[in-house]
Amino acid sequence: MGTPFDMDIRDVFYIGGGRVVVAGLISGGDKYIRACQCEVLVEGRAFANIAIEGEWMTEKASDISDRAVSTTDDLKLDRELIARGVCKLRSVQQ
């Protein structure tokens, strides 16, 4: 795993084949987020542990705002919680 990071989750997309894409603002971490274990926090409490795959680039690498990672783990996030800004994704050191 690279440098630890936190993501303020701004959106989630459920796409074919059981893949879930989580997008948001990342603090810390490397220029490119690599596959790693993460925990999802809702209102500061543990909600789920997931394995993420490599980062999905949402804009040009030189002008990144929201960034995205994906998982095939089961993750059911409520859009109302996401809209309230209380969902975070945090890398877990192994």
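Heavy atoms only: backbone and side chains are in, while hydrogens, waters and symmetry mates are out. Given the structure is predicted, the values throughout are model-derived calculations rather than measurements. Start at 1 with the first residue, then count along the sequence.
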- Message: Between D11 and A23 (side chain of the first, backbone of the second, donor and acceptor by atom type, cut-off under 3.5 Å), is there such a pair?
- Response: no
- Message: Quick one, R67 with E55, criterion salt bridge (Lys or Arg N to Asp or Glu O under 4.0 Å). Give me CA distance, side-chain angles, the key distance, then yes/no.
- Response: CA-CA 7 Å; R67 296 167 67 182; E55 182 169 16; 2.6 Å; yes
- Item | Value rounded to 0.5 Å, distance of OG1 in T3 from CZ in R34 | 9.0 Å
- Task: Decide whether I9 and L25 are clustered together by the hydrophobic rule: side chain heavy atoms of Ile, Leu, Val, Met, Phe, Trp, Tyr closer than 4.5 Å, transitively.
- Result: no
- Query: Charged N to carboxylate O under 4.0 angstrom, D6 versus K88?
  - Reply: no
- Message: I'd like to know if the side chain of S91 reaches the main chain of C38, judged simply by a donor and an acceptor atom lying under 3.5 Å from each other, with no hydrogens or angles considered.
- Response: no
- Query: Looking at E43 and R84, does any basic side-chain N land under 4.0 Å from a carboxylate oxygen?
  - Reply: yes
- Note on the structure: Heavy-atom nearest pair, E80 first then D78, reads N-OD1, 2.6 Å
- Message: Are R90 and L41 packed together at the side-chain level, in the sense that at least one heavy-atom pair is separated by less than 4.5 angstrom?
- Response: yes
- Task: Give the minimum heavy-atom separation between C87 and V42, together with the two atoms involved.
- Result: SG-CG2, 4.1 Å
- Any link between M7 and Y14 through a network of hydrophobic side chains (Ile, Leu, Val, Met, Phe, Trp, Tyr) touching at under 4.5 Å? yes
- Task: Would you give the length of the straight line joining atom CD1 of I52 to atom CG of L89, rounded to the nearest 0.5 angstrom?
- Result: 6.0 Å
- Examine distances only and state if a side-chain atom of R10 and a backbone atom of D8 form a donor-acceptor pair shorter than 3.5 Å. no
- Minimal heavy-atom distance between V21 and A68, with the atoms involved, is CG1-CB, 3.8 Å
- Message: Going by side chain to side chain contact (heavy atoms under 4.5 Å, CB included), name the residues that satisfy it together with L75, two or more places apart in sequence or in a different chain.
- Response: V20, V22, V40, F47, A48, I50, L77
- Item | Distance-only donor-acceptor check, side chains R19 and T72, under 3.5 Å | no
